[in-house]
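See structure below.
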Amino acid sequence: MTEKDQERVPPTRSVGLLTGILYGIGCGIGGSIFILLGTAINKAGSGVLISLILGGILIFVTALNYSELSTSLPISGGAYNFSKEALGGFLAFIIGFFLWIANIATFSFSAQAFAIVIQEFFNLPFNTPFILLIAIASILFIAIVVFRTQKLALRALIFLTIIQLVIFAIFIFTGLFIAPNSNLPSYNPSFLKSEMNFFNIIFVFASTFIFFTSITSNLAFLNADYKNPSKNIPKVNIYAILITLIIYLLTTFAVLINLGNHESELGKSSILLALLLDDILKFPGYLLMGFAAIISTLIAMNAALGSAIAIFHALARDHYVSQKFLKVNKKTNVPTFILILTTFITISITILALMFANIGFTANITIFIYFIGIAFVNYAAVNLRHKRKELDRPFKAPFFPYLPIIVMSFCIILALFLDLNAIILGLIIFFIGITYYLLTIADRHSIVLTLAGLKFFVILILGVLIWIINNLSVLNSPINGFDVAFQYILMRILIFICVFTIGTMILDIFPLREIAYYFVRKINKKEVAIDIGIGQIIELKKSKVKLIYSINLIIGIIQIISSIFVFIIASLFITDIISIDNVTIGSTPIPPITAEYIFTSILVLFGIILLFSGPLWLYFNRELKTLGI
């Protein structure tokens, strides 16, 4: 570690090995196992055990890379710091932004889980406004009461984790050793021999990775507080993951052999574990496991909020966001503005999720963001090893650089197994981050060139896809004749938009104003107001300025209208008003769902670029009208 890094390390470290391990376990065992385990078993059967093992292996390998980075840079900001030191600039901001959103999504997911558990545990009627009210109340409770100070939050989490471990130990012990005698109607070990499907196992592997995501990211949040970080950080990461994985496997094993009459509850009940323990220990078991579900969600909310605040504080420290966010309340030692902003966005996401989607969708978007974030962090590990060779590395990840490259590849591949809508929303969030960076941090020239580059690559891909759909695929629609209208009218309009966008891409690089200046210098030299050697100041006539302004205005408006049209085309595929029935390239058939997913994703990406580019043209065009240059 360099002197510059050492200066940024706080002088006091208060978190020991045991506290760190308990913190990691508490972050890992959140509400996800209660909400998603039944759905996972319903999908993969006993293969869910393999899915969990694969998830444990992936997070374990990730933890090795995190440990190297954490021991090299034991400073506040968590995983974001690794990206800042290794990549810097735009990529560092995007990774920090993604990790901040990931923790907010985890916070929202846990709040929704808390509300659903309360509703089912007390057998209350399912009512969306009521569930929403409970979720918002839990978010405010964590934000205002439990998170009153950082130390109180950590102490509360450790205390609740210990209680949680005791309850899970009781569940595992009774499920494995007492159930064979006291739960004969439901005890059925033969379920372990149920049929397995490879693709279902991989799908569940991807969709249940949220069981593990919070461990490494939240442990990195404590990097600046560990005693003897060079030794304790790797131990904390490894022990926390192994213990959490063992708890998950034993709990799932106990569930599988005690399902009995509860197979119909798979994927429907968020208190499946409580119902199973009720069969074994009767009502006290039901109360015990229900209480475990409640404290698990509270722990996950606590940890997610802490990590989100730490990441955003680090972004403010590095001038990616306003310095006003660095202001800390002297009494509570909490960045008040960051707490308010994070809480507000969490409540907003929770409202949207419960009103227009469900908790499964929130889980998918959380996992997608984490997969992308972990992929970037592993890339940062490779880059930092080459970029900062002088950095002291008390712990080195084995099999470098193959291990981080493999993890990075797996994360990107697994992200594609998630819900399509979650992936699209993840891409939208990604472009929100890009938009913020371009508008507030990047210079105008970088913005324009970035847009031109994005347009070029998207149009190149979209052009190929349009040709494939027109020539190598069969379209279908439940509306009579709409498939023909789509192919001969809507697709041709889309082709026109692509051609038009190529023109805007050229004008991004060579603006109309610069073209006018060029011809003035070559043809009409009378409009050169000042000539200083090779430097010239040109004053265009008002008529020419007005013409250029009008053309730019029309181009900007057309781009906005085009973005709306592109989103409408994408929505036709999402709502199955139009669908691809068959795609064959050469002699290779392409699954229709894959073709639709790729085409829809590119359309959404294209629409976002146009939606951003149009207003930007209008914004920059104001200069021409105001200054007349």
Side-chain angles (χ1 to χ4, degrees), residues 8-16 19-20 22-24 26-27 30 70 74-81 84 93 96-111 114 135-161 214 217-227 229 295 297-350:
R8 287 146 60 188
V9 177
T12 57
R13 295 179 179 274
S14 57
V15 178
T19 301
L22 288 172
Y23 184 84
C27 294
S70 296
I75 52 180
S76 61
Y80 155 73
N81 269 317
K84 183 179 73 70
F93 166 76
F97 175 76
F98 247 49
L99 292 173
W100 178 59
I101 292 294
N103 280 286
I104 287 177
T106 303
F107 193 10
S108 175
F109 169 82
S110 301
F114 177 83
I136 292 174
S138 67
I139 292 170
L140 293 175
F141 171 76
I142 293 295
I144 297 171
V145 182
V146 177
F147 212 78
R148 197 172 37 142
T149 67
Q150 300 280 0
K151 290 184 179 179
L152 176 61
L154 181 61
R155 286 199 300 266
L157 192 148
I158 299 301
F159 176 73
L160 291 175
T161 299
S214 294
S217 60
N218 284 302
L219 283 175
F221 159 66
L222 291 179
N223 283 345
D225 300 316
Y226 286 116
K227 298 175 183 176
I295 66 172
T297 52
L298 290 175
I299 289 172
M301 293 167 68
N302 189 338
L305 179 58
S307 293
I309 289 175
I311 291 168
F312 200 91
H313 190 270
L315 287 170
R317 177 197 66 200
D318 297 328
H319 304 279
Y320 285 116
V321 295
S322 173
Q323 297 292 287
K324 292 180 181 179
F325 288 107
L326 290 174
K327 187 177 180 181
V328 176
N329 187 292
K330 293 181 180 179
K331 292 183 179 180
T332 62
N333 197 34
V334 172
T336 309
F337 293 132
I338 298 177
L339 177 63
I340 292 171
L341 177 64
T342 303
T343 303
F344 173 77
I345 294 177
T346 304
I347 291 174
S348 301
I349 291 175
T350 304

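Side chains included, hydrogens not; waters and symmetry mates left out as well; all remaining heavy atoms used.
Inter-residue side-chain proximity for Phe93 and Asp318 is flagged as unmet; no heavy-atom pair is nearer than 4.5 Å. Side-chain contact between Thr336 and Val328: absent, with no pair of heavy atoms (C-beta onward) separated by less than 4.5 Å. Residues Thr350 and Phe107 have side chains not in contact (no heavy-atom distance under 4.5 Å, counting atoms from C-beta outward). For the pair Leu326/Pro335, no side-chain contact is recorded, criterion being any heavy-atom separation below 4.5 Å from C-beta on.
Atom-to-atom distance recorded for Ser307:OG and Leu219:CG is 9.0 Å, nearest 0.5 angstrom. The distance from the CD1 atom of Ile299 to the CG atom of Leu22 is 10.0 Å, given to the nearest 0.5 Å. Of the inter-residue distances, the one linking Ile104 atom CD1 with Thr343 atom OG1 reads 9.0 Å to the nearest 0.5 angstrom. A distance of 6.5 Å separates OG1 of Thr342 from CG of Leu305, quoted to the nearest 0.5 Å. Atoms OG1 and CZ, from Thr297 and Phe109 in turn, are 10.0 Å apart once rounded to the nearest 0.5 Å. For the atom pair Ile347 CD1 and Ile136 CD1, the distance stands at 6.0 Å (nearest 0.5 Å).
Tyr23 pairs by the ring-ring contact (aromatic ring centres under 6.0 Å, His included) definition with nothing, not counting sequence neighbours. With sequence neighbours left out, Phe344 forms a side-chain contact (heavy atoms from CB on, under 4.5 Å) with Ser348. Scanning for side-chain contact (heavy atoms from CB on, under 4.5 Å) contacts around Ala111 gives Ala135, Ser138, Ile139, Met301, with sequence neighbours left out.
Contact record, Leu339 with Ile309: CD1-CD1, 3.7 Å, taken as the closest heavy-atom pair. Taking both residues in full, the closest heavy atoms of Gly26 and Thr161 are given as CA-OG1, 3.4 Å, listed atom of the first, atom of the second, then distance. Closest heavy-atom contact between Asn103 and Ala308: CB-CB, 3.8 Å. Listed here is the closest heavy atom pair of Ala300 and Ser110: CB-OG, 3.3 Å.
Below 30°, between 30° and 60°, or above 60°: for Phe312 and Phe325 the angle between ring planes is above 60°, a perpendicular geometry. Ring orientation note: the planes of Phe97 and Trp100 are tilted relative to one another, at an angle of 30° to 60°.
Between the side chain of Gln323 and the backbone N or O of Ala316 there is at least one donor-acceptor pair closer than 3.5 Å.
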Go through the steps for Lys227 and Val15 under the test side-chain contact (heavy atoms from CB on, under 4.5 Å), then give the verdict.
-> CA-CA 6 Å; Lys227 298 175 183 176; Val15 178; over 6 Å; no
Mind running side-chain contact (heavy atoms from CB on, under 4.5 Å) on Tyr320 and Tyr80 for me, showing each step along the way?
-> CA-CA 12 Å; Tyr320 285 116; Tyr80 155 73; 3.1 Å; yes
